[in-house]
Amino acid sequence: MTTLTQISNDTTPSGGDRPKPEWRKYFGFSHDHKVIGIQYLVTSFFFYLIGGALAAAVRTELATPASDFVSPELYNSLFTLHGTVMIFLWIVPSTAGFINYLVPLMIGARDMAFPRLNAIAFWMLPPSGLLLMSSFFVGPASAGWTSYPPLSTMGPVAGELIWILSVLLLGTSSILGAINFIVTIWKMRVPQMGWNDMPLFCWASLATGILALVSTPVLAGALILLSFDLVVGTSFFNPTGGGDPIVYQHMFWFYSHPAVYIMILPVFGMISDIIPVHSRKAIFGYRAIAYSSIAICFLGLIVWAHHMFTSGTPPWLRMFFMFATMVIAVPTGIKVFSWVATMWGGKIQLNSAMLFAMGFVSMFVIGGISGVMLAAVPFDIHVHDTYFVVAHFHYVLFGGSVFGLYSGMYHWFPKITGRMLNEKLGKIHFALNFIGFNLTFLPMHKLGLDGMNRRIAEYDPKYATINIICSIGTLLLAVSTVPFLINAVRSWFWGDRAPANPWNGLTLEWSVSSPPPVENFAVDPIPACHPYAYGKPPVSISAPQPEPVST
Amino acid sequence: MTTTTSTHLTTTTIATTEHQHPHPDHRILGLYMFLIAEGMIFVGLFVAYFTFRAVAPGMQGDLPKLELMLPGINTIILVSSSFVMNRGQSAIKKNDTKGLQFWFGLTALMGATFLVGQMYEYFHLEFGLKSSLFASTFYVLTGFHGLHVCFGLILTLGVLWRSRTPEHYSEHSHFGVEAAEIYWHFVDVIWILLFVILYLL
């Protein structure tokens, strides 16, 4: 409380008779984790809309077999920036927004461990996003978000270099964020909260932090070498100069496969916190879910080369990565079964948050199963670089991450803004989103199995019918954003006032007012029960009796 | 709704201590986390180097022989500077600012000598940045490490600058001194690995 009051007093001219308007702190260098969380969420949603517009342009081009909507070069740039924006400027920062906002509240802390570093990490985001968008003026990167050499070193240099700089900045932001998450969860919990009393979202955030901290620097290393190739003309990845492009692929996927878990683990955590609240039932297998996050974190670091089965990877290496990739389905499956078991027999409230959570589980299962299919070397070689892969990762990242993020927004919007969202609009949003998503991406499995390549602007007319269905689905997806935007803006200003605990949750963020006061907790909170003790009698405090020993 | 919520609140939270804590200080732990990330960049680059040596067409056969005399002396200077710097921290733990300034000044001098030595080596090598794949990797790895030495040098000079203010560092409060030293040791360890990998192997 004191710091913020002092700051606003310092900056108000002549004695501070006029306090700074509340909204202005959201555009400044605030140290408050809640303000930074909102900054992350709103900024990343803005980029989600941009990424969505790029996707719409891609699908418009693909509505007909001919290349008639944009030039093929621009088409390449559109899907490149679509991927980059959605990954680096939407999903990763929006999960960072939730982690920033929720983790200190959930563990009873007043702020993150390093508030100023937190603000620095956020403020790297808007410049790098603008930088990336500005590349449209010079001919943007067009080698796909993977930016494989030699393709990436043959296109327009300026656009590619801007892409590299932007991703390096975003990576740095992600590393600084990760340092904060790890130290905060490790050191800032209220003393009464042991590791196994943490909400599952904190476990997931910890695993995310470790992954981002360990893997992002390797991408930075790859991009540094790539920029030397691009600008100076060295030949690290250029086979004609004696280099090896495969090394880039290894370094790139050493980050970018864990990046999938960086994008999905926090959402797993959110879902693990949302489902018990709206099912009014204790989470099934708390420790199994918590430790499987850590297991995914470590396994996630040793599966990257399954993206490279067709890159001349030797067979023994393929077998290792195929096996490791299939093993990672085990901790993921543990989570899915635990969520279903949590819902089983619960008093499920079908509100928007729960609908999106259930949508998440069902869609993610489809993406997970096609993931295991792709892990099998013979199948992967058959469908590599086809629309089957596109369908798979959109089921994981859209059906998974984005549905989960929406679920989190419906669940925590009352806490963050102090206003309730409109349920009717929420359900319309869910219905449109769910139908539009499946209409867009389910037919892509068939396209891929039939042999349609990804990243092409022109295709054989025999694929035309299915492509039209996909493009109609995209239209529906674009429309589905409208009720959400109306809902969010209208509710934020004029919605019903939210009570402190609208869903009767047991985690600590629900124990403070909505929105929470500046320093969260006037006194250190003591969790009176386990965060998932729903529908259970109060914990007995009498000492347990020793069991009779049979002789 | 509000009444049920407030009764619920009393069950989940109990007031214990008055809220008067300063923000807890975890900066050293944060620095270690940062160094893990920094270390991973070097790990990535080292592994890339080994992979190039194993498979890249440009790095098969004999690699250019590197002169060992100058880099050897440089290594000795950099490694001993870590011990010199540690004397600085021991000094400030006894509240001896003069001692801190002496040992940190010596460290800065040794770091600068290392950088000058590396520059000299660069100008007298027979290959340039683009001569071969080995040359490119050599310059990028040593150059990237050199950047870190520069940054460590700036940190050391920063500590020296701040130590002119009396009482700025004391036996109980000297995070800056500690952080600069941890960073310097890190840069040192990376150099030892680099020296072994690039010059000896």
Verdict with supporting geometry, B:Val43 and A:Val218, side chain to side chain contact (heavy atoms under 4.5 Å, CB included): CA-CA 8 Å; B:Val43 168; A:Val218 178; 6.0 Å; no
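- Every side-chain contact (heavy atoms from CB on, under 4.5 Å) that A:Gln349 has, sequence neighbours left out, goes to A:His278, A:Arg280, A:Asn351.
- Between B:Gly30 and A:Ile179 the shortest heavy-atom distance is O-CG2, 3.7 Å.
- The line from CG of B:Leu133 to CG of A:Asp244 is 9.0 Å long, rounded to the nearest 0.5 Å.
- Taking CD1 of B:Ile36 as the start and CD1 of A:Ile175 as the end, the distance is 11.5 Å to the nearest 0.5 Å.
- For the residue pair B:Ser136 and A:Thr234, the shortest heavy atom distance occurs at OG-CG2, 3.7 Å.
- Both the backbone and the side chain of B:Thr137 come within contact range of chain A, each with at least one heavy atom under 4.5 Å from a heavy atom of that chain.
- Contact tally against chain B (heavy-atom pairs below 4.5 Å) for A:Ile182, A:Ile246, A:Val232: the top residue is A:Val232.
- For B:Phe134, no part lies near chain A; criterion is any non-hydrogen pair under 4.5 Å.
- Heavy atoms of A:Phe254 lying under 4.5 Å from chain B belong exclusively to its side chain.
- With chain A as the partner, the residue from B:Ala37, B:Pro24, B:Gly44 showing the most heavy-atom pairs under 4.5 Å is B:Ala37.
- Nearest approach of A:Ala113 to B:His23, heavy atoms of both residues: O-NE2, 2.9 Å.
- For chain B, the nearby parts of A:Leu213 are the backbone and the side chain; heavy atoms of each come within less than 4.5 Å.
- With a threshold of 4.5 angstrom between heavy atoms, A:Val247 approaches chain B through side-chain atoms but not through N, CA, C or O.
- In this structure, the portion of A:Phe228 lying under 4.5 Å from any heavy atom of chain B is its side chain and not its backbone.
- Taking CG of A:Asn180 as the start and CE of B:Met33 as the end, the distance is 11.5 Å to the nearest 0.5 Å.
- Within the model, atoms OG of A:Ser235 and NZ of B:Lys130 stand 9.0 Å from one another, a figure rounded to the nearest 0.5 Å.
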Audit row: A:Lys187, B:Leu29, side chain to side chain contact (heavy atoms under 4.5 Å, CB included) steps and yes/no: CA-CA 10 Å; A:Lys187 291 289 182 187; B:Leu29 186 60; 3.7 Å; yes
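- With sequence neighbours excluded, the residues satisfying side chain to side chain donor-acceptor pair (under 3.5 Å) with B:Asn95 are B:Glu171.
- With a 6.0 Å radius and a threshold of 12 heavy atoms from other residues, nucleotides or ligands, B:Phe175 has its CZ atom above the threshold.
- Judged as a salt bridge (charged side-chain N to carboxylate O under 4.0 Å, His left out), and not counting sequence neighbours, the contacts of B:Asp25 are B:Arg27.
- For the set B:Ala56, B:Gly58, B:Pro57, the count of heavy-atom pairs under 4.5 angstrom toward chain A peaks at B:Pro57.
- Among B:Val55, B:Leu45, B:Thr51, the residue with the largest count of heavy-atom pairs under 4.5 Å with chain A is B:Leu45.
- For a residue to count as touching a neighbouring chain, one of its non-hydrogen atoms must lie under 4.5 Å from one of that chain's; by this rule A:Ile224 touches chain B with the side chain only.
- Interface residues of residues 160-168 of chain B toward chain A, defined by a heavy-atom distance below 4.5 Å: none.
- Contact of A:Leu225 with chain B is made through the side chain alone, with heavy-atom distances under 4.5 Å.
- In B:Phe127, the CZ atom is crowded: over 12 heavy atoms of neighbouring residues, nucleotides or ligands sit closer than 6.0 Å.
- Interatomic distance, CZ of A:Phe237 versus CZ of B:Phe52, reported as 5.0 Å (0.5 Å rounding).
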